[in-house]
Undergrad: 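Pasting a structure below so you can have a look.
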Amino acid sequence: MEDLTLEGALDLLLERVSMIEETESVPLMEAVGRVLAGPVRAWHDQPPFPRSPLDGYAVRSEDIKDASPDHPVCLKVLCETDAGHVSDVCVTPGTAVRIMTGAPIPDGADCVIAQEKTDYGEETAQIYGSVPAGGNYCQQGEDYKAGDLILEKGTTLGAVEAGVMAGLGCSEAVVYRRPRVAVITTGDELIMPGEPLKGGKIYDSNLYTVVTRLKEFGAEIVFADLVNDVAEEAAKMVREAAEKADLVITTGGVSVGKKDIMHEVIRILGCEQLFWRIAIKPGMPTLSAEYDGKLLICLSGNPYGAAANTELLVRPILAKMSARSDLEPKRVKAVCENGFPKKSPVTRYVRANYSDGHVRIPDGSDSSGILSTMCGCNCLIEIPAGTKRLDRGDSVWVVLL
Ligand SMILES: Nc1nc2c(c(=O)[nH]1)N[C@H]1C(S)=C(S)[C@@H](COP(=O)(O)OP(=O)(O)OC[C@H]3O[C@@H](n4cnc5c(N)ncnc54)[C@H](O)[C@@H]3O)O[C@H]1N2
Ligand code: MOO
């Protein structure tokens, strides 16, 4: 099993999950990042009426065709119409309606002249220029027409899509339910941030890295807790978490030490083990099983290993469950701006910064146990198994975070 590649591990995991088909209606304000469960069609024209794109006068182009600063045309101003109000007057030969940006253009007018090209008259207005028919005239439905397909089923809603739906009059969006994920961190050494630091203890950082990243991927976190290195307790917690979740992620306790309890947890739960060990670093001892029809993915406890494998292993699973192609890992080619001296007996993923075709490895330790040097990084460099070293100028694949 040690020859299992990342792709092989992903195949084993992905074949056991499917897209969540359940749907729900959510307030549009909270719908960003959610996936539309059906197409959105317009039920009215946008804009719903012809409107003025500027402040000026709604006129008949015919009336002002010969107007110029030297030979102004004088029109009778019938009334004023502002945005949000409808005027029932009709612009007839020799007349105009004072109009503000966004107001409906009254019948009879076929163009709008900007107020800067007039004397701003209230009773009568001197017009100093001409506008062709249809000039400064936003047609009803120029954005979209009733019946038009506005957003396709499967669209991941962003801020712009939310605005477009709001423009249509939607206050809710019908979307697929989010994947429910449980996160459990294991280790006698762990204490929660906020508690006093005691001898031999460290703060639990994985719970925060993994939970917050999964939230960024759109998961609903239904369970998040830490547990001591006691297999029975951890098994109880996994059982409880799996009742609520579609997917259970744990960190720690997967290697070969006496306290690496996750192997025992799997036995206690009577799980089908899918794999243990992947030929990647970090994350070599990753363990996976299926429990009660749900995936249990046990990541390495090393903080960088947990963070990197949340990207490499968990993210593609959530992409599939939530039908979010925008979550699929993106790989690009880049040229190294600096080198990496270590050998890579297995495929290695090194934290780095990608910009404009170039990639730079940060100063400081690349160790699996160290997280701080990952701050500000936006990619993982994939160093193929068997590579002796990376040099400046080498071309590499990077996985964007
Ligand atoms: N004799 C061997 N020892 C180890 C091997 C091996 O092949 N033979 N593999 C090493 C590799 S590679 C890895 S990766 C680690 C994986 O260990 P575990 O996943 O079992 O993780 P732990 O031992 O529980 O923790 C590792 C490290 O990370 C710290 N940790 C754990 N959880 C958290 C957390 N939630 N927040 C912050 N830090 C955490 C923990 O204290 C350890 O220092 O095994 C190697 N050993
Ligand atoms: O596989 Mo471990 O996460 O390298 O250090």
Side-chain angles (χ1 to χ4, degrees), residues 1-6 9 181-195 197-214 221 223-231 233-235 237-238 241 248-267 273 275-289 296-314 340 342-351 365-375 380-383 385 387 399:
M1 275 308 241
E2 280 174 64
D3 292 334
L4 184 66
T5 60
L6 176 67
V181 186
V183 182
I184 297 172
T185 50
T186 68
D188 280 357
E189 73 276 36
L190 303 178
I191 52 172
M192 284 301 268
E195 291 176 14
L197 194 56
K198 295 186 212 126
K201 304 288 181 188
I202 57 165
Y203 289 117
D204 183 349
S205 64
N206 288 351
L207 197 64
Y208 286 74
T209 317
V210 177
V211 164
T212 55
R213 191 60 172 147
L214 297 184
I221 304 299
F223 188 101
D225 207 353
L226 61 83
V227 68
N228 283 331
D229 286 326
V230 179
E233 282 180 28
M237 199 178 269
V238 170
V248 181
I249 309 296
T250 70
T251 75
V254 290
S255 189
V256 291
K258 289 183 179 172
K259 290 285 186 171
D260 287 333
I261 56 163
M262 290 315 294
H263 308 281
E264 179 60 15
V265 167
I266 290 190
R267 269 189 295 277
Q273 181 176 308
F275 59 79
W276 176 46
R277 292 180 167 268
I278 313 177
I280 57 171
K281 187 164 182 67
M284 228 141 42
T286 305
L287 171 70
S288 179
L296 172 61
I297 303 175
C298 309
L299 305 177
S300 127
N302 275 319
Y304 172 63
N309 285 289
T310 298
E311 302 294 330
L312 299 169
L313 285 168
V314 186
F340 183 78
K342 293 184 187 170
K343 280 189 196 147
S344 298
V346 296
T347 308
R348 189 196 286 271
Y349 291 89
V350 179
R351 66 201 90 184
S365 172
D366 70 297
S367 150
S368 301
I370 284 175
L371 189 62
S372 61
T373 50
M374 196 181 180
C375 288
L380 302 174
I381 299 179
E382 185 177 73
I383 307 180
T387 305
V399 181

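All values derive from a computational prediction rather than experimental measurement. Ligands are counted one by one from 1 in listed order, and the atoms in each one are counted from 1 as well. The figures that follow rest on heavy atoms only: side chains count, while hydrogens, waters and symmetry mates do not.
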Undergrad: Tell me the nearest of D260, T251, N309, I202 to atom 38 (N) of ligand 1, using heavy-atom distances.
TA: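 Looking at heavy atoms only, the winner is I202.
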Undergrad: For S367, what residues pass the side chain to side chain contact (heavy atoms under 4.5 Å, CB included) criterion, not counting sequence neighbours?
TA: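 For S367, the residues satisfying side chain to side chain contact (heavy atoms under 4.5 Å, CB included) (neighbours in sequence not counted) are S365, I370.
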Undergrad: Would you say M284 and ligand 1 have an N/O pair spaced under 3.5 Å apart?
TA: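 There is no such contact.
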Undergrad: Short N/O distance, under 3.5 Å, between L299 and ligand 1?
TA: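 No - when backbone and side-chain N and O of L299 are compared with those of ligand 1, no distance drops under 3.5 Å.
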Undergrad: Kindly write out the residues that satisfy salt bridge (Lys or Arg N to Asp or Glu O under 4.0 Å) with K259, not counting sequence neighbours, or none if the list is empty.
TA: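 Here the qualifying residues are D188.
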Undergrad: Can you name the atoms of ligand 1, numbered from 1 with element, that are less than 4.0 Å from a heavy atom of Y203?
TA: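 Numbered from 1, ligand 1 contributes 36 (N), 37 (C).
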Undergrad: State the atoms of ligand 1, each with its element, that fall below the 4.0 Å cut-off from a heavy-atom position in G253.
TA: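 Checking each atom against G253, I get 18 (P), 19 (O), 20 (O), 21 (O), 22 (P), 24 (O).
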Undergrad: Any idea which protein heavy atom is nearest atom 7 (O) of ligand 1, and the distance to it?
TA: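 Checked against all protein heavy atoms, atom 7 (O) of ligand 1 sits closest to R277 NH2, 4.0 Å.
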Undergrad: For atom 17 (O) of ligand 1, what is the nearest protein heavy atom, given as residue, atom name and distance?
TA: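 The closest heavy atom on the protein side is S255 CB, 3.5 Å.
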Undergrad: Does ligand 1 have any atom sitting under 4.0 Å from a heavy atom of G187?
TA: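 No; G187 lies far enough from ligand 1 that no heavy-atom distance drops under 4.0 Å.
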Undergrad: For the 3.5 Å polar cut-off, considering only N or O atoms, please tell me whether E189 and ligand 1 meet it.
TA: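 Yes; the residue has a nitrogen or oxygen that sits under 3.5 Å from a nitrogen or oxygen of the ligand.
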Undergrad: Identify, by atom number and element, the atoms of ligand 1 in contact range of D204, meaning under 4.0 Å from any of its heavy atoms.
TA: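 Those qualifying, in numeric order: 34 (C), 35 (N), 36 (N).
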Undergrad: For P285, take its heavy atoms, then give the atoms of ligand 1 lying under 4.0 Å from any of them.
TA: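 Near P285, the atoms of ligand 1 are 13 (C), 14 (S), 16 (C).
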Undergrad: Does any N or O atom in T185 lie less than 3.5 angstrom from one in ligand 1, N or O only?
TA: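 Between T185 and ligand 1, no N or O pair is found under 3.5 Å apart.
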Undergrad: Give a yes-or-no answer on whether the side chains of N302 and S368 include a donor-acceptor pair shorter than 3.5 Å.
TA: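 Result is no, nothing qualifies.
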Undergrad: Measure the distance from atom 13 (C) of ligand 1 to every protein heavy atom, then report the residue, atom name and distance (to 0.1 Å) of the closest one.
TA: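 Here the closest protein heavy atom is N302 ND2, 3.6 Å.
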Undergrad: When you look for heavy atoms under 4.0 Å from ligand 1, do you find them on the side chain of V256, its backbone, both, or neither?
TA: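 Answer for V256: side chain.
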Undergrad: Taking side-chain hydrogen bond (donor to acceptor under 3.5 Å, both in side chains) as the test, write out the residues that go with E264, two or more places apart.
TA: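 Per chain and number, E264 pairs via side-chain hydrogen bond (donor to acceptor under 3.5 Å, both in side chains) with R267.
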Undergrad: If you count only heavy atoms, which residues are under 4.0 Å from ligand 2?
TA: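 Contacts of ligand 2 under 4.0 Å: K281, P282, G283, M284, P285, S300, N302, S368.
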Undergrad: Looking only at protein heavy atoms, which one is nearest to atom 25 (O) of ligand 1, and how far off is it?
TA: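 Atom 25 (O) of ligand 1 sits closest to the protein heavy atom G301 CA, 3.9 Å.
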Undergrad: Check T185, I249, V314 against V210 for a side chain to side chain contact (heavy atoms under 4.5 Å, CB included) and give me the one that passes.
TA: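 When side chain to side chain contact (heavy atoms under 4.5 Å, CB included) is applied between V210 and each of T185, I249, V314, only I249 qualifies.
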